[in-house]
K.L.:
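This structure is in structure tokens; I'll ask about it shortly.
This structure is a prediction, so every number in the text was calculated from the model and none was measured. One-based numbering along the sequence shown.
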Amino acid sequence: LDEVGRGALAGPVVAAAVLLDPGEDTVEALVGVDDSKRLDAARRRELAPRIRAAALDWGLGQASVDEIDALGIGRANELAMLRALAALRRPPAQLLVDGYRLGLSSLPQRAIVGGDRLVLSIAAASVLAKVYRDALMLDLDGVHPRYGFAQHMGYGTAAHREALDDLGPTSAHRL
């Protein structure tokens, strides 16, 4: 499991769960998969269909801006992860979670700091979550073109903060 969008100022937090066969064929099929932050957008979009094809199962979940505002980002992040798990057709034997334990799941789990760089299934989850969230943010850019979502994907860049100062928040912004 991994998530994207936790530190953003706008848009949902999105999580993905990816179940992989640990065999050599899967590893070979997913050569080049890495932490989504270390890959450019074109490479992530290229890898996403390969991940979906090679995975035994995968699922996405998200928590909305309203849920983030109501619950706080930590609880909303867990909600997105639980939704990603619920989207799986089969339960995993164990969860490998990037960074911290998922408190609301009774499944056996390991929190792996830097897991998106160390564990192929977590890296694959980070790519699927990032590709999905980026598509959502590109859609938001069409709705709110003056904010530059296509460039910063909702994160707190100087340009995004300047747009917020000039224009105020949209319904896509976390308050």
K.L.:
If you take all heavy atoms of Ile68 and Ala76, which pair is closest and at what distance?
P.N.:
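The answer is CG1-CB, 3.7 Å.
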K.L.:
Report the distance from atom CG of Leu167 to atom OH of Tyr147, rounding to the nearest 0.5 Å.
P.N.:
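With rounding to 0.5 Å, CG (Leu167) is 4.5 Å from OH (Tyr147).
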K.L.:
State, to 0.1 Å, how close Pro49 and Arg45 come at their nearest heavy-atom pair, and which atoms those are.
P.N.:
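For Pro49 versus Arg45, the nearest heavy atoms are CD-O, 3.1 Å.
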K.L.:
Rounded to the nearest 0.5 Å, how far does CZ of Arg52 lie from CG of Leu60?
P.N.:
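So the gap between those two atoms works out to 8.5 Å.
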K.L.:
Can you confirm whether Gln94 is buried at CD, in the sense that more than 12 heavy atoms of other residues, nucleotides or ligands lie under 6.0 Å from that atom?
P.N.:
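It does: Gln94 CD has more than 12 such atoms within range.
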K.L.:
Ignoring hydrogens, what is the shortest heavy-atom contact between Gly154 and Ala8? Give both atom names and the distance.
P.N.:
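Closest pair (atom of Gly154, atom of Ala8, distance): O-CB, 3.5 Å.
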K.L.:
Which atom pair, heavy atoms only, marks the closest approach of Ala80 to Ala63?
P.N.:
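Closest heavy-atom pair between Ala80 and Ala63: CB-N, 3.8 Å.
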K.L.:
May I have the step-by-step check of side chain to side chain contact (heavy atoms under 4.5 Å, CB included) for Leu164 and His173, ending in yes or no?
P.N.:
CA-CA 9 Å; Leu164 275 171; His173 283 93; 3.5 Å; yes
K.L.:
Quick one: CZ on Arg44 to CG on Leu47, what's the gap to the nearest 0.5 Å?
P.N.:
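Between atom CZ of Arg44 and atom CG of Leu47 there are 10.0 Å.
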K.L.:
A side-chain contact here means heavy atoms from C-beta on lying under 4.5 Å apart; do Leu136 and Gln62 qualify?
P.N.:
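The answer is yes; the side chains approach within 4.5 Å.
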K.L.:
Is the positively charged end of Arg174 above the ring of Tyr155, judged by distance under 6.0 angstrom from the centroid and angle within 45° of the axis?
P.N.:
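Because its charged atom misses either the 6.0 Å distance or the 45° angle limit, Arg174 does not stack over Tyr155.
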K.L.:
Within the 4.5 Å heavy-atom criterion, are Leu20 and Leu56 side-chain neighbours or not?
P.N.:
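Side chain of Leu20 against side chain of Leu56, heavy atoms only: no contact under 4.5 Å found.
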K.L.:
Could you tell me if the side chain of Val13 sits less than 4.5 Å from the side chain of Val4, heavy atoms only?
P.N.:
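A side-chain contact under 4.5 Å is absent here.
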K.L.:
Take Met153 and Leu138 through the side chain to side chain contact (heavy atoms under 4.5 Å, CB included) test and state the conclusion after the steps.
P.N.:
CA-CA 7 Å; Met153 300 298 168; Leu138 290 172; 3.9 Å; yes
K.L.:
Look up atom NE2 in His144 and atom OG1 in Thr170, then write down how far apart they are to the nearest 0.5 Å.
P.N.:
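Nearest 0.5 Å value for the NE2-OG1 distance: 4.0 Å.
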K.L.:
With the 4.5 Å side-chain cut-off for hydrophobic clustering, are Leu82 and Leu107 part of the same group?
P.N.:
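Both belong to a single hydrophobic cluster.
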K.L.:
Check whether any side-chain heavy atom of Leu71 sits under 4.5 Å from a side-chain heavy atom of Leu79, and report yes or no.
P.N.:
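SC-SC contact between Leu71 and Leu79 confirmed.
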K.L.:
According to a hydrophobic-cluster definition based on side-chain heavy atoms being under 4.5 Å apart (Ile, Leu, Val, Met, Phe, Trp, Tyr only), do Met81 and Val18 belong together?
P.N.:
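No; Val18 is not reachable from Met81 via cluster members.
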K.L.:
Do Leu19 and Leu1 share a hydrophobic cluster (ILVMFWY, side-chain heavy atoms under 4.5 Å, transitive)?
P.N.:
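Both belong to a single hydrophobic cluster.
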K.L.:
Determine which pairs satisfy salt bridge (Lys or Arg N to Asp or Glu O under 4.0 Å) with at least one residue from residues 111-129, sequence neighbours left out, and list them in order.
P.N.:
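For residues 111-129, and leaving out neighbouring residues, the salt bridge (Lys or Arg N to Asp or Glu O under 4.0 Å) pairs sorted by first residue read Asp35-Arg117, Lys37-Asp116.
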K.L.:
Can you give me the closest heavy-atom contact between Leu95 and Pro92, atom names plus distance?
P.N.:
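Here Leu95 and Pro92 meet closest at CD2-CG, 3.6 Å.
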K.L.:
Would Leu39 end up clustered with Trp58 when hydrophobic side chains under 4.5 Å apart are linked, directly or stepwise?
P.N.:
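Leu39 and Trp58: one cluster.
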K.L.:
Tell me the closest heavy-atom pair linking Ala54 and Leu30, and the distance in Å.
P.N.:
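Shortest heavy-atom contact: CB-CD2, 3.9 Å.
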K.L.:
Can you pull the salt bridge (Lys or Arg N to Asp or Glu O under 4.0 Å) pairs that have at least one residue in residues 69-85, sequence neighbours excluded?
P.N.:
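Listed by first then second residue: Glu67-Arg83.
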K.L.:
Just wondering, more than 12 heavy atoms not from Arg110 lying within 6.0 Å of its CZ?
P.N.:
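No, because the 6.0 Å sphere around CZ of Arg110 holds 12 heavy atoms or fewer from other groups.
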K.L.:
List the steps, then state whether side chain to side chain contact (heavy atoms under 4.5 Å, CB included) holds for Ile51 with Val33.
P.N.:
CA-CA 8 Å; Ile51 293 167; Val33 171; 4.0 Å; yes
K.L.:
What I'd like to find out is whether the side chain of Val65 reaches to under 4.5 Å of the side chain of Ser171, using heavy atoms alone.
P.N.:
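A side-chain contact under 4.5 Å is absent here.
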K.L.:
Going by atom type alone, with no hydrogens or angles, which donor-acceptor pairs under 3.5 Å involve a side-chain atom of residues 121-130 and a protein atom two or more places apart or on another chain?
P.N.:
| unit_1 | atom_1 | unit_2 | atom_2 | d |
| --- | --- | --- | --- | --- |
| Ser126 | OG | Ser36 | N | 3.0 |
| Ser126 | OG | Ala123 | O | 2.8 |
| Lys130 | NZ | Asp134 | OD1 | 2.9 |

K.L.:
Working to the nearest 0.5 Å, report the span between CG of Asp2 and CG of Asp98.
P.N.:
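If we round to the nearest 0.5 Å, Asp2:CG and Asp98:CG are 4.0 Å apart.
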K.L.:
Centres of the Phe149 and His160 rings: under 6.0 Å?
P.N.:
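Centroid separation for Phe149 and His160: below 6.0 Å.
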